[in-house]
Amino acid sequence: MSSSFYVGQREFFPGVGRIPFEGRDSDNPLAYKVYDADKQIGGRSMAEHLRFAVAYWHSFCGAGHDPFGPGTRVYPWDQGATPLARAEAKADAAFEFVTKLGVPYYCFHDVDLAPDADDIGEYRANLGHMVEIAGERQRQTGVKLLWGTANLFSHPRYMNGAATNPDFAVVARAAVQVRAALDATVALGGSNYVFWGGREGYACLLNTDMKREQAHLARFLAAARDYGRSIGFTGTFLIEPKPMEPMHHQYDFDSATVVGFLRAHGLDRDFKLNIEANHATLSGHTFAHDLQVASDAGLLGSIDANRGNPQNGWDTDQFPTDLYDAVGAMLVVLRQGGFGDGGLNFDAKVRRESSDPQDLFIAHIGGMDTFARGLEVAHALVTASPLEQWRSERYASFDSGAGAAFANGQLTLQDLCAHAQQAGEPRQRSGRQEAYENLLNQYLLR
Ligand code: XLS
Ligand code: NI
Ligand code: NI
């Protein structure tokens, strides 16, 4: 039965069919326990809420290499005679995988999809060819593009940065890739276009003019925006914050930094944020914190779902399994009314030691079930538990009278002092953190 899911000449994941929903009592590793695509939660299906995407780079390109050794997985799609033949087989494997998983979206970098080349004509021709194939596979399978991006961090020419490179020649060369990746995203109907500035930062402040580099980044982003709009891209541009790694310091440090940067440069009408869990934790925040900061600014666009390793603090890009974190994330998403055109992209990789093809399915199943449960619990918390009422009661003193006048900007500092004089010492009010934490766990266990 699985044969109907492969799209090219051959099947790359034989023995795995469409992943079914079997419910919580199932012990089948290749079945969803919670994620039931059509299940209605508050007037939308789980699929519509969660808008899952598979990341091309981790799932079909990276084979498990780390700084100490090469990849451990031998991909059957990576054995063709030419780079283009391998890219074509990889696309077939990707669409087979995404279709069997039953996920609606995928995401790619230009050079995940097509072979890179120093020669600009060859690079563009490779990408153009693969965009045609991907477009055909999208039509065949119904899978859609959540976002495209350009890899401006792997090639050695970008070692000192792409848009922030001190050498204008490199900045201009980066534009070649962004233009081509935007063309590809538009051709494939992508909903968003992402900028993750892996090398946009510095290794040493002594040799760096930070102010100038950041001004160049803003100019580059504005030029990309103008080009994108000129070719009919109506979607959202997304900046993906990360504080460090590979650079010592990355300019898109965290949500708060990026919100300020976008506003300072007048980019906040076209750009939003793509928040990655492991990047938030690298910057010393929780995942939920960076989501909340972006959402409060009206700029939360999309999520890169993964998790780090609390013991080592690197960007380990593990698949998300933490239900508590997923509830925290989905609370932010639900309170802002959903993702809009964004989604939940698994920017995550199976471990180097996970060498069975089935591990890739199992990893995604676990991540999807985690967020599906996060959605259920967060929805119950905001609609059926006392959570929202407790929170609003905590701020009730600003709802009327002098508190409301203050919040509306009508009281001077002297007015506040007069109020304090009259009201006397404020009554102590418990923050009740433990009650909130217990409430979350209570709903998680239901
Ligand atoms: C790396 C980033 C990268 C972006 C896309 O840390 O997460 O994968 O999502 O360039
Ligand atoms: Ni990411
Ligand atoms: Ni990352």
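Both ligands and their constituent atoms are indexed starting at 1 by order of listing.
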Atoms in ligand 1 flagged as close to [X], the criterion being non-hydrogen separation under 4.0 Å:
X      : result
Glu240 : 2 (C), 3 (C), 4 (C), 7 (O), 9 (O)
Trp57  : 8 (O)
Asp304 : 9 (O)
Asp315 : 6 (O)

Regarding ligand 1, does [X] bring an N or O atom to under 3.5 Å of one of the ligand's N or O atoms?
X      : value
Lys242 : yes
His58  : no
His109 : yes

Going through the distances and angles, do Gln318 and Asn278 end up as a side chain to side chain contact (heavy atoms under 4.5 Å, CB included)? CA-CA 9 Å; Gln318 291 167 242; Asn278 203 168; over 6 Å; no
Once rounded to 10°, what is the value of the angle centred on the Ni ion (ligand 2) between Asp304 OD2 and Asp347 OD2? 90°
Examine ligand 1 and decide if any of its atoms is less than 4.0 Å from a heavy atom belonging to His279.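 Yes; His279 lies near enough to ligand 1 that a heavy-atom distance drops under 4.0 Å.
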contact_flag Val194 ligand 1 heavy-atom lt 4.0 Å: no
For N/O/S atoms only: which one belongs to [X] and is nearest the Ni ion (ligand 3)?
X      : answer
His279 : NE2
Glu276 : OE2
Asp315 : OD2

Among Asn192, Asp304, Asn306, Asn274, which residue satisfies the side-chain hydrogen bond (donor to acceptor under 3.5 Å, both in side chains) criterion with Asn345? Asp304
Taking side chain to side chain contact (heavy atoms under 4.5 Å, CB included) as the criterion, tell me which of Thr257, Leu221, Val259, Leu267 meets it with Ile239. Leu221
Verify side chain to side chain contact (heavy atoms under 4.5 Å, CB included) between Arg199 and Leu152, making sure each step is shown before the conclusion. CA-CA 8 Å; Arg199 306 273 174 197; Leu152 303 179; over 6 Å; no
Which distance, rounded to the nearest 0.5 Å, do you find between the CZ of Arg373 and the OH of Tyr324?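 Going from the CZ atom of Arg373 to the OH atom of Tyr324 covers 14.5 Å.
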Between His265 and Phe271, is the ring centroid distance below 6.0 Å?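 Ring centroids of His265 and Phe271 are no less than 6.0 Å from each other.
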Ring-ring centroid check Phe97 Phe13, cutoff 6.0 Å: yes
Quickly, which of Tyr106, Tyr56, Phe52 forms a ring-ring contact (aromatic ring centres under 6.0 Å, His included) with Phe346? Name it, please. Phe52
Please state which protein non-hydrogen atom is closest to atom 3 (C) of ligand 1 and give its distance, to 0.1 Å? Asp347 OD2, 3.5 Å
